[in-house]
Amino acid sequence: MEGVAFASFTSFATKSLLFSSLSPYSIITHRQKSQKNTLKTISPRNLVIRASSASSSGSVVTLLDYGAGNVRSLRNAIRYLGFEIEDVRTPKDILNADRLIIPGVGAFASAMDVLVKTGMDEALCICLGLQLLFEYSEENGPVKGLGLIPGVVGRFNSSNGFRTEILDEIGDRHVYFVHSYRAIPSDDNKEWVSSTCNYGDDFIASIRKGNVHGVQFHPEKSGGKIFCAFNVGLSVLRRFLHPNSQGTKSPTQGEASKLAKRVIACLDVRTNDKGDLVVTKGDQYDVREQTKENEVRNLGKPVELSGQYYKDGADEVSFLSITGFRDFPLGDLPMLQVLRHASQNVFVPLTVGGGIRDFTDSNGRYYSSLEVASEYFRSGADKISIGSDAVYAAEEYLKTKVKTGKSSLEQISRDYGNQAVVVSIDPRRVYVKSPNDVKLKTIQVTKPEYLKQVCWYKEEGKRVNGGQEGRPIGAYELAKAVEELGAGEILLNCIDCDGQGKGFDIDLINLISDAVSVPVIASSGAGAVKHFSEVFTKTNASAALAAGIFHRKEVPIQSVKGHLLKEGIEVRI
């Protein structure tokens, strides 16, 4: 599942409940008097909830954790709401549960494989994620599903212009979808379908039949309260877990109507010379102060800053470990602790990157990139950002045209879904006299100072050999290759613009966003609120990322979102 989007979505459910996650949730509960509960959410996952009214006032939630991705965030959200968690150990625990939650954060095939091998599939019956309820899925397949709902889960058709207004005029608050496969509505399953959305074509956004409910988003990542105190995602979980709760006050009516652009806060994290973990920011990737002491630039503590950015309205928070994870990724315990602590109070998606690759430690023990990623997910990450390893995999793929299935990109996307993998591309402009001078994709520059000059974008590989080695591959060719290999999103860092504060590289972003169907995050160059509106109006970027201007409080996140709203650009509020 690779698409990432803040989208608007309103649904009505029996009893006080709703469902969402990086895949779908299904919630099973005894029917009560129907209520109209306007709900909003933010991301797709597989989740299932089963409850009985007899013990709806209890404070225990049963959780089936079968190792599929970031379950820690869901645990944190449940505990945040004052509930205890009991883990499923046998199929009998499922049948005896009053409230059962199954977070399926990963790919369809791997989720079904685990459930079948553990014998949980029969006990679950109708307790699984929305997509798993269907007959089969095309993701890594065809793969047989539980077959409770007629129909197929197919991939979105990226040729239908899905980048714009996917939920126009059908909602009042934004929800976070992050999936590239969807359940398809048909005559056979129409009695199950309670709402649909359009993302190039129609897909099932929620289902309801009898006491079965399911949705394609997750509440534990639907947080945020920039212009109001109402936390959409947690209210969804609260209404399910505590159906008699009326909340503190009624939420204000939202005005969401279409796909929202995302504003992402990035935290470059490393140890300083004293061994403390700090957030820093480089000028052209140099993170040391230009002073006699030449110390590492210290802009704050990562956990505190991530929490503040969540409160300020950041749609996602990205951690990049820029010195750790080099020789022993799993030995960087401070960074793993950052994730664990941050995820306790940050209810938007967290991305982490830095050294995601296969490695062998000093004792000769081999660790696969999948093991490294799994530890990140267990510590609270929702997405993994891959740099140099993706470059190597793309170069090999372009040379051989063969997918080996062994690269970190392929392994992680296969087990956790495309939506869990971000590839970071770090290009620099290389000017040529004529497009015929190179075999790579070239453009005519539109920047006034370089108007009509011809260039191509060379992948500098700042994470390749410690940043000392450029790669003989263009950003255009790299982007298309990593999409083929399983990337669900591309983070586009322009080295020429980094730290300049003069705006994003519009030419580069248009080149890449027009070449791929996965979301593109614009990075490097933001220095004012107008740069965010510029990148969203002039390109197809799905999100814009900034670091230093947020850390130094030169441009607050609230100012960015306020400006975008005034310019008529849809953002999550």
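None of the values given here were measured: they were computed from a predicted structure.
The CG atom of Leu63 sits 11.5 Å away from the CG atom of Asp93 when rounded to the nearest 0.5 Å. Distance OG/Ser524 to CD1/Ile509: 9.0 Å, rounded to 0.5 Å. Phe347 contributes atom CZ, which lies 10.0 Å from atom CG of Leu74 (distance to the nearest 0.5 angstrom). Distance OG/Ser385 to OH/Tyr376: 10.5 Å, rounded to 0.5 Å. Between the OG atom of Ser374 and the CD1 atom of Ile412 there is a distance of 8.0 Å, given to the nearest 0.5 Å. To the nearest 0.5 Å, atoms OG (Ser59) and CG (Leu81) are separated by 12.5 Å.
A salt bridge links Lys383 with Glu316: the closest approach of a Lys/Arg side-chain nitrogen to an acidic carboxylate oxygen falls below 4.0 angstrom. Ionic pairing of Lys561 and Asp315 is present here: one or more N-O contacts between side-chain nitrogen and carboxylate oxygen are shorter than 4.0 angstrom. With respect to Glu570 and Arg262, no salt bridge is recorded, no charged nitrogen being found less than 4.0 Å from a carboxylate O.
In this structure Phe504 satisfies the ring-ring contact (aromatic ring centres under 6.0 Å, His included) test together with Phe532, sequence neighbours excluded. In terms of the side-chain hydrogen bond (donor to acceptor under 3.5 Å, both in side chains) criterion, Ser318 has no residue partners (sequence neighbours excluded). Gln344 pairs by the side chain to side chain contact (heavy atoms under 4.5 Å, CB included) definition with Asn76, His341, not counting sequence neighbours. For Phe536, there are no ring-ring contact (aromatic ring centres under 6.0 Å, His included) partners two or more places apart in sequence or in a different chain. Scanning for side chain to side chain contact (heavy atoms under 4.5 Å, CB included) contacts around Ser368 gives Asp358, Tyr366, Leu370, Glu371, Gln411, with sequence neighbours left out. Under the side chain to side chain contact (heavy atoms under 4.5 Å, CB included) criterion, Val529 pairs with Val555, Ser559, Val560, His563, sequence neighbours left out. Partners of Asp87 according to the side-chain hydrogen bond (donor to acceptor under 3.5 Å, both in side chains) rule, which considers only residues two or more places apart in sequence or in another chain, are Arg75. With sequence neighbours excluded, no residue forms a ring-ring contact (aromatic ring centres under 6.0 Å, His included) with Phe319. Remark: Glu304 engages no residue in a salt bridge (Lys or Arg N to Asp or Glu O under 4.0 Å) (not counting sequence neighbours). Annotation: side-chain hydrogen bond (donor to acceptor under 3.5 Å, both in side chains) contacts of Ser408 (sequence neighbours excluded): Asp389. Every residue two or more places apart in sequence or in another chain was checked for a side-chain hydrogen bond (donor to acceptor under 3.5 Å, both in side chains) with Glu567, and none qualifies.
Counting non-hydrogen atoms of other residues, nucleotides and ligands closer than 6.0 Å to CD of Glu86 gives a total of 12 or fewer.
Looking only at atom types and distance, the side chain of Ser379 has a donor-acceptor partner in the side chain of Arg340 under 3.5 Å away. Looking at Ser424 and Asn493, their side chains do bring a donor and an acceptor atom within 3.5 Å of each other.
Two residues are said to be in side-chain contact when any heavy atoms from C-beta on lie closer than 4.5 Å; Leu320 and Val269 fail this criterion. Residues Asn345 and Lys311 have side chains not in contact (no heavy-atom distance under 4.5 Å, counting atoms from C-beta outward). In this structure, Leu491 and Val423 have side chains that are not in contact, with every pair of non-hydrogen atoms separated by 4.5 Å or more. Side-chain contact check for Thr351 versus Asp382: every heavy-atom pair is 4.5 Å or farther apart. At least one side-chain heavy atom of Val88 sits less than 4.5 Å from a side-chain heavy atom of Thr62.
The heavy-atom pair separating Gly486 from Asn418 by the smallest distance is O-ND2, 3.1 Å.
Val338 pairs with exactly one of Leu267, Leu350, Val303 by the side chain to side chain contact (heavy atoms under 4.5 Å, CB included) rule, that one being Val303.
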Would Val482 and Leu409 satisfy side chain to side chain contact (heavy atoms under 4.5 Å, CB included), going step by step from the backbone distance to the final call?
CA-CA 8 Å; Val482 296; Leu409 179 51; 3.9 Å; yes
